Amino acid sequence: MDGVMIKQIYRNPDSFLQQPVKVSGWVRTVRVSKAFGFIELNDGSFFKNLQIVFDQTLENFAEIAKLSVSTALTVEGELVESPGAKQPFELKAHRIVIEGLSTPEYPLQKKRHSLEFLRTIAHLRPRSNTFSAVFRVRSLAANAIHRFFQERDFVYVHTPIITGSDCEGAGEMFRVTTLDFNNLPLDQAGNIDYSQDFFGKEANLTVSGQLEAETFCLAFRNVYTFGPTFRAENSNTPRHAAEFWMVEPEIAFADLEDDMVLAEEMLKYILSYCLENAPEEMEFFNRFIDQGLIKRLEHIINSDFVRLSYTEAIGLLQNSGQTFTYPVKWGVDLQTEHERFLTEQVFKKPVFVTDYPKDIKAFYMRVNDDQRTVAAMDLLVPGVGEIIGGSQREERLEVLEQRLRDFGLDYDDYWWYLDLRKYGGVKHAGFGLGFERLIMYLTGVNNIRDVIPFPRTVKSAEF
RNA sequence: UCCUCGAUAGCUCAAUGGUAGAGCACCCGGCUGUUAACCGGGCGGUUGUUGGUUCGAGUCCAACUCGGGGAGCCA
């Protein structure tokens with residue numbers, strides 16, 4: 001008899017009822033009385049367990065009755081309707097084979113654990129309800145991202161993870177080197193001689209694929225990257241990790257408005273896709289992690305995101321009557337408290353803040369006609385904060401060169417980036433989506449360490 | 001990096017400066033439809049580390065380590 005996946009049974013029970021069925025999985029709990037017992041079996045294919053009923057007619061009844069949690073089993077029996085209220089059907093066991101024993105010391109108990117404790121057993125936590133749900137949704141969300149872009153004929157670009165340009169400018173970088181730290185080669189000036197390093201120059205892990213993605217954008221028109229990103233920043237918050245994944249679309253013949261339309265459609269697509277394809281997981285989050293989650297996500301799918309210029313946002317905050325720890329002033333970047341106030345109190349939905357002062361944004365963002373602001377946008381969402389940062393890119397060569405000078409950057413480091421503006425440069429735009437922040441938003445989990453299988457954060461790279 | 005709170009049994013938490021406890025887990029027994037099963041009994045501790053104050057420290061003080069929350073940096 002071929003084994004079936006528990007998901008198949010749940011999705012199509014009628015074709016299995018009154019039929020012989022074989023399943024394999026891990027014990028979540030055993031409840032036993034004198035002559036019979038129940039096992040909750042989870043086979044990983046589905047969020048929910050299959051209830052196994054077994055009794056003394058099994059030759060190994062006594063052994064089965066004493067099994068520890070997480071023992072691996074294969075069960076053959078007949079699928080029958082269940083008299084119990086909590087499950088529509090159950091498997092009446094005819095034969096139970098132990099595939100792999102567990103022990104009483106198994107750390108995951110049949111009770112609610114704190115997320116902090118589960119983080120210390122990251123190798124076992126995928127077996128818990130919460131992480132079973134989180135990582136299945138993470139997988140679905142990744143698939144939704146590819147589907148969204150592929151359906152629109154975007155080309156998926158694999159930008160480099162090791163980068164030779166130290167000019168990405170998005171944050172502190174991790175050095176990649178094969179030099180012997182105990183015997184560093186020095187040049188005549190006494191500085192480290194990177195010409196003897198593996199790449200013959202300084203190399204780092206990427207902090208963004210954007211600049212490279214732009215090169216493909218100006219060849220394939222619409223492209224996206226989706227891959228790991230590294231930031232060596234000493235950030236100790238529930239929203240930052242040293243290694244995280246980012247989605248970075250880049251679209252040609254497009255301006256900031258096109259960029260925002262794309263971001264909004266993409267987010268709505270991913271939310272809809274996960275609600276549709278992981279209803280059990282989403283229901284679990286809604287009950288145990290974040291009450292009201294589903295209602296909020298559905299509200300977002302059905303509402304238009306707010307578009308608010310930075311200048312309007314400043315005025316709105318100044319006239320709000322609210323007292324803030326940090327003063328609100330044109331020219332100064334919005335603080336977290338301001339962003340939260342806008343998205344959580346004023347609008348209660350995602351808000352694009354656009355057209356920031358040029359002095360507080362990156363050099364590559366397109367200068368607006370007012371000469372004071374750039375065509376940038378941040379998408380703020382309730383509970384998570386900034387989830388997307390994007391802009392229209394400066395396509396005018398002479399303006400871009402001036403911006404490099406203003407920022408004290410060296411042309412030579414950007415020669416290929418400047419080339420894009422010489423040979424058929426066109427208006428184009430893009431954004432970066434923090435994938436983990438999306439998962440946090442989607443699941444209601446409020447610490448980034450709990451949406452990454454093995455999180456890397458300051459002073460922490462266990463497993 | 002800064003501010004703040006915390007660390008006691010495997011887990012979640014109690015304990016006026018004066019004999020370290022409970023629930024769950026685990027072990028033993030009971031129970032013919034359970035649902036984080038239930039009922040009875042049992043096992044379980046260098047109170048994060050180091051030093052200090054005190055007749056006496058889980059409790060007070062200092063430093064450190066780790067964790068939570070907030071801020072900055074950002075996605």
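Here the structure is a predicted model, which means the values were calculated and not measured. Hydrogens, waters and symmetry mates play no part in the numbers below; they use all other heavy atoms, side chains included.
For B:A14, there is no paired base (Watson-Crick or G-U wobble, both distances below 3.5 Å). In this entry B:A9 has no Watson-Crick or G-U wobble partner, no candidate having both defining distances under 3.5 Å. The base-pairing partner of B:U1, taking Watson-Crick or G-U wobble contacts with both distances under 3.5 Å, is B:A71. Across all strands shown, B:G45 forms no Watson-Crick or G-U wobble pair with both distances under 3.5 Å.
Note on A:Asp55: nothing from the nucleic acid sits closer than 4.0 angstrom, heavy atoms only. At a threshold of 4.0 angstrom between heavy atoms, the contacts of A:Glu337 with the nucleic acid are absent. Within the nucleic acid shown, A:Thr237 comes within 4.0 Å of at least one base atom, counting heavy atoms only. Nucleic acid contact for A:Gln87: base, since at least one base atom lies under 4.0 Å from a heavy atom of the residue. At the heavy-atom level, A:Gly84 lies under 4.0 Å from base atoms of the strands shown.
B:C64 and B:U4 have their P atoms separated by 14 Å, given to the nearest Å. Comparing the P positions of B:U47 and B:C5 gives a spacing of 25 Å, expressed to the nearest Å. Straight-line distance between the P atoms of B:U65 and B:G21: roughly 34 Å, to the nearest whole Å.
More than 12 non-hydrogen atoms from other residues, nucleotides or ligands lie less than 6.0 angstrom from CD of A:Gln18.
One N or O on the side chain of A:His113 and one on the backbone of A:Gln109 form a donor-acceptor pair closer than 3.5 Å.
A:Arg175 is linked by a salt bridge (Lys or Arg N to Asp or Glu O under 4.0 Å) to A:Glu202, counting only residues two or more places apart in sequence or in another chain.
Cation-pi geometry between A:Arg125 and A:Phe131 is satisfied (NZ or CZ under 6.0 Å from the ring centre, within 45° of the ring normal).
For B:C73, its base sits under 3.5 Å from the side chain of A:Ser235 at one donor and acceptor pair at least. Put simply, the side chain of A:Arg437 and the base of B:C74 share a donor and an acceptor less than 3.5 Å apart.
Mapping A:Ile388 and A:His113 onto RNA chain B by nearest heavy atom places A:His113 at the nucleotide closer to the 5' end.
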Name the pairs: protein N/O against N/O of nucleotides 3-10 of chain B, kept only if under 3.5 Å.
from, atom 1, to, atom 2, distance (Å)
B:G10, N2, A:Gln109, OE1, 3.0
B:G10, N2, A:Gln109, NE2, 2.5
B:G10, N3, A:Gln109, NE2, 3.1

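With centres under 5.5 Å and a plane angle under 30° as the test, the ring of A:Phe38 is not stacked against the base of B:G33.
Note: A:Phe244 and A:Phe435 fail the aromatic proximity criterion, with ring centroids not under 6.0 Å apart.
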